[in-house]
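In the text below, chain A, chain B and the rest are named by the order of the sequence lines, each starting its count at 1. Keep in mind it's a predicted model, so treat the numbers as computed, not measured.
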Number of protein chains: 2
Amino acid sequence: MSSRSQAIADILTRAILDRRLVPGCKLGERELSEIFNVSRIVIRQALIRVADDGLAQIERNRGAFVARPSMQDAMEIYDALTLVEQGVAAQLMDRLGPAGWAELRQHVERQRQAVASGNHALADVLGAEFHTVFVRLSRNKVMQEMHAQLVRRTTLLRALITADFDYCNLLDDHARLIELLEKGRLKQAMDMIDAHHRQVVRGYIMDRQVFPELTPREALEPYLLNAGQTPEIQTKNKTGEKGRTGVHTHVHAAK
Amino acid sequence: MSSRSQAIADILTRAILDRRLVPGCKLGERELSEIFNVSRIVIRQALIRVADDGLAQIERNRGAFVARPSMQDAMEIYDALTLVEQGVAAQLMDRLGPAGWAELRQHVERQRQAVASGNHALADVLGAEFHTVFVRLSRNKVMQEMHAQLVRRTTLLRALITADFDYCNLLDDHARLIELLEKGRLKQAMDMIDAHHRQVVRGYIMDRQVFPELTPREALEPYLLNAGQTPEIQTKNKTGEKGRTGVHTHVHAAK
DNA sequence: TTTCATTGATTGATATCCAATCCTGTGTTT
DNA sequence: AAACACAGGATTGGATATCAATCAATGAAA
């Protein structure tokens with residue numbers, strides 16, 4: 001197993017992507033160290049990792065906060081995502097074998113079945129996963145990691161916008177993309193990817209107020225099930241928190 | 001000013017890219033902490049940053065080493081770089097204004113003058129910088145950072161290969177790329193980028209033995225000029241290193 | 001009411017200590 | 001002599017306590 005700071009960074013990442021830790025939420029070292037029952041140093045290392053991934057930002061002498069990407073950031077992220085997926089599409093058109101196309105079609109089919117059976121949660125996951133599978137078929141780990149990071153950041157964006165529609169569930173887009181690529185119509189496929197993402201960005205309204213839904217402790221509790229072996233700490237916290245538990249703004253105010 | 005660990009990570013990165021710290025070189029925490037005169041924890045945080053960037057790898061309970069990318073890694077990195085630069089080329093063809101084209105041409109011209117005046121060092125830097133300028137003109141910070149990371153990794157690769165030719169100095173390629181893009185010949189431009197990179201990878205011979213050219217202390221000394229204020233530590237090290245200074249393999253043996 | 005100063009809290013960083021793990025050298029056994 | 005086992009050293013991963021620097025918020029003074 002890797003280091004504990006990596007494990008904690010993974011949990012924080014999950015919590016952010018699950019929108020349990022919302023953009024602007026303060027990630028205090030002491031608070032997190034008490035939650036995970038580790039020292040502040042491990043937390044710092046975890047925060048460095050999360051910040052390097054673009055999901056948090058560290059301000060000197062102020063602390064770490066869940067990232068609040070701007071509209072400009074959103075456009076840049078989607079532009080980059082478009083670029084990567086278009087490039088992968090071009091590569092796959094040349095290099096992908098029958099087994100690969102079959103896997104893609106099978107994935108879409110599974111999602112179709114999920115939609116048909118009313119399992120919207122699964123359909124959502126499969127819809128988002130399509131892009132990941134798509135890139136994985138390029139058999140390029142470097143590109144996979146780059147793409148995955150971009151996807152994580154788009155997922156974070158979805159905490160800041162009013163999502164009118166589930167863009168990932170556009171089954172038709174995915175199915176048509178496969179069809180176009182197999183027929184060698186690269187230009188049309190790339191335009192579709194571009195339109196796909198442009199449509200999403202156009203729907204963005206980023207002035208939505210983000211307010212604290214959960215405290216970090218509440219947000220992170222579900223991820224600690226396996227490692228929770230110190231109720232003593234929790235009681236200690238309850239008794240030791242004194243008066244500062246009252247009103248706690250967990251949202252980083254815009255400057 | 002950012003944190004100390006970030007500054008040290010930057011220095012380590014520079015030293016790796018300058019090939020003063022060669023692939024496989026062990027980056028011991030204690031040794032680095034003595035070199036930079038900081039605590040081991042700061043070094044750990046710096047190493048995490050460098051490793052996240054792909055220039056080092058951390059093995060649990062064994063320590064950090066300068067990354068030794070495989071031939072497979074090299075191909076994937078260049079594939080990704082090709083993909084990104086092709087995508088940027090396509091974007092620039094649509095969106096770049098006259099000022100942008102002028103900047104590109106001016107950059108090539110400056111490199112041409114450097115070559116003409118025999119300043120090969122400057123020509124090298126400008127040649128490598130061309131790709132960076134190219135991507136910067138996309139005005140997409142996300143993509144810029146992604147591209148910069150890929151470039152750093154290719155730079156690391158050059159420590160592992162026998163560089164028969166200076167691929168970045170192919171002035172003609174750069175000039176022709178601009179010309180093609182301005183004329184709207186996207187397909188040809190993209191093929192040129194692909195050929196450019198493919199040519200480089202084909203020239204790679206990665207079974208070159210990497211042997212320790214410098215100890216970390218020697219490698220990092222030039223970067224410490226501004227912050228060097230503790231000769232006391234150095235003398236203490238000299239007297240305190242005892243017998244383990246003898247033969248020290250700085251190269252991580254291949255498994 | 002505005003400005004300034006003090007105080008409290010948090011971060012950045014150090015030093016020291018301990019446990020776990022890896023590497024190595026030595027000694028023993030076959 | 002070769003293979004194995006074991007013990008010790010060295011290094012990493014981590015905890016804890018402590019201190020300085022900085023930010024934020026409160027309260028006092030003009």
Next item on the list: Send over the distance from Phe36(A) CZ to dG14(D) C1', rounded to a whole Å.
Entry: 16 Å
Next item on the list: Starting at atom NZ of Lys26(A), determine the distance to atom P of dC23(D), rounded to an integer number of angstrom.
Entry: 12 Å
Notebook entry, point to check: Between dG12(C) atom P and Ile8(B) atom CD1, what is the distance in whole Å?
Noted result: 14 Å
Notebook entry, point to check: Considering all heavy atoms of both residues, which atom of Arg153(A) and which atom of Leu55(A) are nearest to each other, and what is their separation?
Noted result: CG-CD1, 3.9 Å
Check: How many angstroms lie between SG in Cys25(A) and CD1 in Ile16(A), if you round to the nearest 0.5 Å?
Finding: 8.5 Å
Notebook entry, point to check: Do Tyr223(B) and Asp18(B) meet the criterion of a side-chain donor-acceptor pair at a distance under 3.5 Å?
Noted result: yes
Item checked: Nearest-Å distance for atom pair CZ/C1', residues Phe65(A) and dT10(C) -> 10 Å
Note to self: Just N and O in the side chain of Arg62(A): are any of them under 4.0 Å from OP1 or OP2 of dA24(D)?
What the structure shows: yes
Item checked: d(CD, Gln6(A); P, dG14(D)) in whole Å -> 11 Å
Check: Mapping Ser5(A) and Asn61(A) to their closest nucleotides on DNA chain D, which lands nearer the 5' end?
Finding: Ser5(A)
Note to self: For a quick test of reading the model, state the closest non-hydrogen atom pair linking Arg68(B) to Gly24(B) and the distance between them.
What the structure shows: CG-N, 3.3 Å
Check: Can you tell me if Asn140(B) and Gln144(B) form a side-chain donor-acceptor pair at under 3.5 Å?
Finding: no
Next item on the list: Specify the separation, in whole Å, of atom CZ of Arg30(B) and atom P of dG14(D).
Entry: 17 Å
Notebook entry, point to check: What integer distance in Å separates Glu34(A):CD from dT16(D):P?
Noted result: 12 Å
Margin query: Can you measure Arg60(B) atom CZ to dC22(C) atom P for me and round it to whole angstrom units?
Written below: 9 Å
Checklist line | Shortest non-hydrogen contact between Ile58(A) and Leu47(A), atoms and distance | finding: CD1-O, 3.9 Å
Margin query: For Arg139(B), I'd like to know if atom CZ has over 12 heavy atoms of other residues, nucleotides or ligands within 6.0 Å.
Written below: no
Checklist line | Glu29(A), nearest nucleotide to its side chain (from dT11(C), dA24(D), dA13(C)) | finding: dT11(C)
Note to self: Tell me which residues in residues 38-52 of chain B lie within less than 4.0 Å of DNA chain C, going by non-hydrogen atoms.
What the structure shows: Val38(B), Ser39(B), Ile41(B), Val42(B)
